[in-house]
Amino acid sequence: MSMLRLELIVSDVEALKREAGIAACDFIENGMKLGLGTGSTVRYTVIEIGRRMNEENLSVVGVPTSESTRELAESLGIPLVSLADAGVLDLVIDGADEFDSDFSLIKGGGGALTREKIVAQSSNGMVVVADDRKQVQALGAFDLPIEVLPFEWERTAARITEICSGDVTIRGGEEPFITDNGGYILDCSFGPSITNPSDLESTLLDIAGVVEVGLFVGICDAVVMASSGGIVTLVNPTGRLS
Ligand code: 5RP
């Protein structure tokens with residue numbers, strides 16, 4: 001593939017992320033308490049929220065799901081509060097690495113899955129922003145991120161390997177990636193075979209040393225998906241926004 005073609009593909013994907021990120025702002029209403037997700041797609045949502053606050057008098061408060069989102073939101077002048085102060089949030093908007101037809105997700109490509117799940121579980125609705133590469137038949141082609149404690153992480157990884165037939169690798173290798181919580185991330189290669197994400201999540205959470213699993217089941221209410229054909233909003237028929 002030529003460099004020019006590769007650059008075009010990268011810029012196409014970036015344009016889709018931007019479209020999805022901005023379109024999701026249609027779910028936002030004045031006065032809302034919002035969870036602000038993490039990643040390169042929802043980044044566009046946060047930037048658009050900042051723009052609407054500055055130019056259109058939108059008034060919201062946010063709870064960031066990572067230190068990087070905190071920095072971005074602060075730079076845009078979005079007022080931030082803690083979950084403890086906010087209580088239940090009206091909505092969280094976040095990215096995903098994969099979603100299936102049941103609106104189950106793999107998250108954690110950016111390493112923020114634990115805070116993302118805490119915020120999502122504290123919200124009355126969750127909207128995912130994604131481009132159409134993230135839509136899958138069965139979860140698992142994207143390696144499942146699992147946050148683990150650094151203490152004896154090799155033992156935790158060995159126990160996960162008893163469940164995961166593919167590779168279980170520590171993110172960052174010899175210089176491990178460290179999460180905002182001081183944890184490590186294990187990327188687990190299940191392959192596109194996760195047909196019962198709820199059971200798998202419970203099994204993995206039973207392993208001592210596992211902090212959180214990047215499977216989000218029964219949490220996502222809608223996906224704002226961008227493709228070359230435009231924006232499609234998929235609403236979970238059993239979700240809270242239907
Ligand atoms: C971070 C996440 C991200 O939301 C997910 O990785 C998607 O990111 P991007 O929009 O950059 O593809 O879960 O922990």
Side-chain angles (χ1 to χ4, degrees), residues 1-30 32 34-58 60 62 65 69 72-73 76 78 89-110 112 116 119-120 123-142 192 197 214 216-242:
M1 188 184 298
S2 72
M3 280 304 285
L4 182 59
R5 176 81 193 120
L6 188 61
E7 278 169 24
L8 275 177
I9 291 171
V10 170
S11 70
D12 287 351
V13 170
E14 205 56 33
L16 295 182
K17 289 181 182 188
R18 185 169 181 277
E19 280 173 38
I22 291 175
C25 291
D26 288 352
F27 282 90
I28 298 174
E29 290 169 18
N30 223 20
M32 274 187 164
L34 293 174
L36 304 173
T38 299
S40 58
T41 312
V42 77
R43 186 170 185 278
Y44 288 109
T45 307
V46 179
I47 291 170
E48 177 65 5
I49 292 170
R51 189 194 69 74
R52 290 187 189 192
M53 293 189 78
N54 283 320
E55 296 177 15
E56 297 174 8
N57 288 326
L58 175 70
V60 293
T65 54
T69 298
L72 175 65
L76 295 163
I78 300 172
L89 304 180
D90 297 295
L91 189 71
V92 58
I93 304 179
D94 205 343
D97 301 300
E98 287 185 346
F99 65 94
D100 69 12
S101 56
D102 291 329
F103 293 79
S104 296
L105 314 173
I106 284 184
K107 286 186 51 55
E116 289 172 333
V119 172
S123 301
N124 277 333
M126 179 183 196
V127 173
V128 160
V129 286
D131 58 79
D132 58 354
R133 298 169 309 152
K134 311 281 184 75
Q135 187 175 37
V136 298
Q137 296 270 329
L139 300 174
F142 188 94
F216 285 49
V217 183
I219 300 178
C220 173
D221 300 291
V223 178
V224 176
M225 181 179 75
S227 71
S228 53
I231 293 283
V232 182
T233 299
L234 307 165
V235 178
N236 184 346
T238 61
R240 295 161 293 180
L241 299 175
S242 65

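Heads up: numbering here begins at 1 and tracks the sequence.
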Glu56 atom CD, over 12 foreign heavy atoms within 6.0 Å:
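Correct, the count exceeds 12.
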Shortest non-hydrogen contact from [X] to [Y]?
X	Y	value
Val129	Ala24	CG1-CB, 3.3 Å
Val224	Ala23	CG1-CB, 3.8 Å
Pro197	Val217	CB-CG2, 3.7 Å

Under 3.5 Å: donor-acceptor pair, side chain of [X], backbone of [Y]:
X	Y	result
Glu98	Phe142	yes
Arg240	Ser123	yes
Glu19	Gly230	no
Asn236	Cys220	yes
Asp90	Gly125	no
Asp102	Ser104	no
Lys134	Ala96	yes
Thr45	Ile22	no

Rounded distance (nearest 0.5 Å) linking atom [atom1] of [X] with atom [atom2] of [Y]:
X	Y	atom1	atom2	result
Asp97	Lys107	CG	NZ	6.5 Å
Arg52	Asn57	CZ	CG	13.0 Å
Leu89	Met126	CG	CE	12.0 Å
Phe27	Ile93	CZ	CD1	8.0 Å
Ile78	Leu72	CD1	CG	7.0 Å
Arg133	Met225	CZ	CE	12.5 Å

Determine, stepwise, if the pair Leu36 / Ile49 fulfils side chain to side chain contact (heavy atoms under 4.5 Å, CB included).
CA-CA 10 Å; Leu36 304 173; Ile49 292 170; 3.9 Å; yes
With a 4.5 Å heavy-atom cut-off, do [X] and [Y] have their side chains touching?
X	Y	value
Ile219	Leu105	no
Phe103	Asp221	no
Leu76	Ile47	yes
Phe99	Leu234	yes
Val127	Val92	no
Phe216	Val128	no

List the steps and the verdict of side chain to side chain contact (heavy atoms under 4.5 Å, CB included) for Leu58 and Asn30.
CA-CA 6 Å; Leu58 175 70; Asn30 223 20; 3.5 Å; yes
Thinking salt bridges, do Glu14 and Arg18 make one under a 4.0 Å N-O criterion?
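Between Arg18 and Glu14 there is no salt bridge, as every charged N stays at least 4.0 Å from the carboxylate O atoms.
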